[in-house]
Amino acid sequence: MRVLVTGYNGQLGFDLVRRLELLGIDCKGVDIQDFDLTQEADVMNYIRDYAPDTVVHCAAFTAVDRAEEARELCFAVNVTGTENVAKACQAIGARLMYFSTDYVFKGEGDQAFEIDEPYDAQGYYGLTKALGEVKVREYVDRHFIVRISWVFGANGNNFVKTMLRLGQEKTELTVVADQIGSPTYTYDLCFLLTDMLQSEKYGTYHASNEGICSWADFATAIMQEAGLSCQVRPVTSDQYPTKAVRPKNSRLSKRSLDEAGFKRLPTWQDALKRYLQELG
Ligand SMILES: NC(=O)c1ccc[n+]([C@@H]2O[C@H](COP(=O)([O-])OP(=O)(O)OC[C@H]3O[C@@H](n4cnc5c(N)ncnc54)[C@H](OP(=O)(O)O)[C@@H]3O)[C@@H](O)[C@H]2O)c1
């Protein structure tokens, strides 16, 4: 296997390259300094030259609130950029792994969403990630689409790092309690992803750590685990307005993972403990 990983400077791409290297798999991580996803010819030339048999496309415009204003750039990276990668994979016969999000769904009710739930994104970022999925399916038959949620990893910024910082600066924090989902630790996710890459079980999957919580529950657990005395005060989404509307229900069904015989991730509480040790 020869794997090209985009988004190497980000959370997931960085950890995935680390895991592939540990397994002795021939791989290379690239980011915007190697080529800009929005430039079709650059993407095609780079991928043709490196000649991977698999591209793992972690790069994306991930600033959910900024996406509401920077629509053109968000579309260029998440839709056109993904189309460029998918076309290059098609041209050289490579497989493609793409990451999507719980934000492609409207997120009502309290049931877990199956993989074939119709898209109904609330925000622009979610819409572009859904359109990216469409491009992957259009150009590359041998694809994995993995929808993940609430990602945290060693490299880059995320909710846990923000809570650790604010928890040291403040005595009380308000955090939304009416958005329910599952955090995803990139370290754990990468075990699943490398299992997938070593299989031919193509298709769409949902993957996150086991168990559900609200952002306020997650923040409370972070403070407790880190030994911070900062109090987390639960609020509603209405009391904490953001530019992008987020789904209230981000529960993702793992049925397709189970049916394909892939192992689920550990619980988010267990992942959080190990993540704080990793951060040191
Ligand atoms: N983070 C989450 O909570 C979350 C949740 C669900 C799904 N996902 C999806 O999971 C995947 C990985 O997320 P992540 O958290 O690892 O993302 P991340 O940390 O934001 O990393 C994304 C990387 O893509 C790069 N990039 C942006 N525009 C580019 C361009 N035009 N050309 C080349 N590279 C470009 C970024 O570079 P710059 O930093 O220089 O812009 C960054 O290094 C993404 O597809 C994301 O949509 C993430």
Side-chain angles (χ1 to χ4, degrees), residues 1-62 73-101 104 115 128-148 151 155 186 189-207 256-257 260 262:
M1 207 187 331
R2 184 171 165 84
V3 186
L4 186 71
V5 179
T6 70
Y8 179 58
N9 296 345
Q11 298 195 84
L12 183 56
F14 181 82
D15 268 358
L16 187 62
V17 169
R18 232 175 11 179
R19 173 94 191 117
L20 288 165
E21 282 173 352
L22 266 175
L23 292 175
I25 293 172
D26 182 11
C27 68
K28 183 171 188 186
V30 289
D31 213 287
I32 196 153
Q33 69 277 5
D34 302 289
F35 59 86
D36 183 339
L37 288 165
T38 65
Q39 304 303 308
E40 184 174 357
D42 294 349
V43 176
M44 184 67 83
N45 290 338
Y46 197 98
I47 293 181
R48 268 191 198 282
D49 285 352
Y50 185 68
D53 53 54
T54 306
V55 176
V56 182
H57 182 35
C58 300
F61 183 105
T62 57
L73 178 61
C74 182
F75 189 95
V77 177
N78 291 352
V79 187
T80 312
T82 300
E83 182 173 25
N84 293 339
V85 171
K87 279 183 179 168
C89 287
Q90 185 195 45
I92 63 163
R95 312 183 305 164
L96 176 57
M97 178 178 269
Y98 171 77
F99 298 94
S100 187
T101 165
V104 300
I115 53 165
T128 61
K129 294 300 292 183
L131 294 173
E133 289 190 14
V134 173
K135 297 296 182 190
V136 171
R137 293 196 185 95
E138 186 180 336
Y139 290 101
V140 188
D141 289 336
R142 293 188 307 148
H143 65 254
F144 301 95
I145 292 174
V146 188
R147 296 197 191 113
I148 55 181
V151 174
N155 199 45
T186 52
L189 179 65
C190 288
F191 281 80
L192 171 66
L193 299 180
T194 49
D195 283 351
M196 281 184 182
L197 290 172
Q198 292 175 95
S199 82
E200 304 266 311
K201 295 175 184 171
Y202 304 110
T204 302
Y205 296 96
H206 292 163
S256 67
L257 268 193
F262 289 118

* Are side-chain heavy atoms of Thr128 and Val79 found at a separation under 4.5 Å? -> yes
* Contact check, side chains of Asn84 and Phe35, non-hydrogen atoms, under 4.5 Å -> no
What's the shortest heavy-atom distance between [X] and [Y], and which atoms?
| X | Y | result |
| --- | --- | --- |
| Tyr205 | Lys201 | OH-O, 2.7 Å |
| Leu37 | Val85 | CD2-CG2, 3.6 Å |
| Ser100 | Ile145 | CB-CG2, 4.3 Å |
| Ala60 | Val77 | C-CG1, 3.8 Å |
| Leu189 | Ala207 | CD1-CB, 3.7 Å |
| Phe144 | Ser199 | CZ-O, 3.9 Å |

* What's the verdict on side-chain contact (heavy atoms from CB on, under 4.5 Å) for Asn78 and Thr62, showing C-alpha distance, side-chain angles and the deciding distance? -> CA-CA 9 Å; Asn78 291 352; Thr62 57; over 6 Å; no
* Just by distance, with hydrogens left out, do Tyr139 and Glu83 show a side-chain donor and acceptor under 3.5 Å apart? -> yes
To the nearest 0.5 Å, what is the distance between [atom1] on [X] and [atom2] on [Y]?
| X | Y | atom1 | atom2 | result |
| --- | --- | --- | --- | --- |
| Thr186 | Arg19 | OG1 | CZ | 12.5 Å |
| Tyr202 | Arg142 | OH | CZ | 4.5 Å |
| His206 | Leu257 | NE2 | CG | 9.5 Å |
| Lys87 | Glu138 | NZ | CD | 8.5 Å |
| Cys27 | Tyr8 | SG | OH | 8.5 Å |
| Cys89 | Asp53 | SG | CG | 10.5 Å |

So, [X] side chain and [Y] main chain: donor-acceptor pair closer than 3.5 Å or not?
| X | Y | answer |
| --- | --- | --- |
| Ser256 | Thr204 | yes |
| Asp34 | Asp31 | yes |
| Thr6 | Ala59 | yes |
| Thr194 | Phe191 | yes |

* Asked: What pairs with Tyr50 under side-chain contact (heavy atoms from CB on, under 4.5 Å), at least two apart in sequence or on another chain?
  ->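 Applying side-chain contact (heavy atoms from CB on, under 4.5 Å) to Tyr50 gives Arg2, Leu4, Asp26, Lys28, Tyr46, Pro52.
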* Among Gln90, His57, Lys135, Arg137, find the residue that satisfies the side-chain contact (heavy atoms from CB on, under 4.5 Å) test when tested with Leu96. =>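 Single side-chain contact (heavy atoms from CB on, under 4.5 Å) partner of Leu96 among Gln90, His57, Lys135, Arg137: His57.
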* To do: Among Val140, Leu197, Val55, find the residue that satisfies the side-chain contact (heavy atoms from CB on, under 4.5 Å) test when tested with Arg95.
  => Leu197
* To do: Begin from the C-alpha positions of Val56 and Leu16 and carry the test side-chain contact (heavy atoms from CB on, under 4.5 Å) through to its verdict.
  => CA-CA 9 Å; Val56 182; Leu16 187 62; 3.4 Å; yes
* To do: Go through the steps to decide whether Asn9 and Gln33 satisfy the test side-chain contact (heavy atoms from CB on, under 4.5 Å), and finish with yes or no.
  => CA-CA 10 Å; Asn9 296 345; Gln33 69 277 5; 3.3 Å; yes
* To do: Answer yes or no: is there an ion pair linking Glu133 with Lys129, defined by an N-O contact shorter than 4.0 Å?
  =>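 No.
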* Determine, step by step, whether Tyr98 and His143 satisfy the side-chain contact (heavy atoms from CB on, under 4.5 Å) criterion, reporting the C-alpha distance in whole Å, the side-chain angles of both residues, the deciding distance to 0.1 Å, and the verdict. => CA-CA 8 Å; Tyr98 171 77; His143 65 254; over 6 Å; no
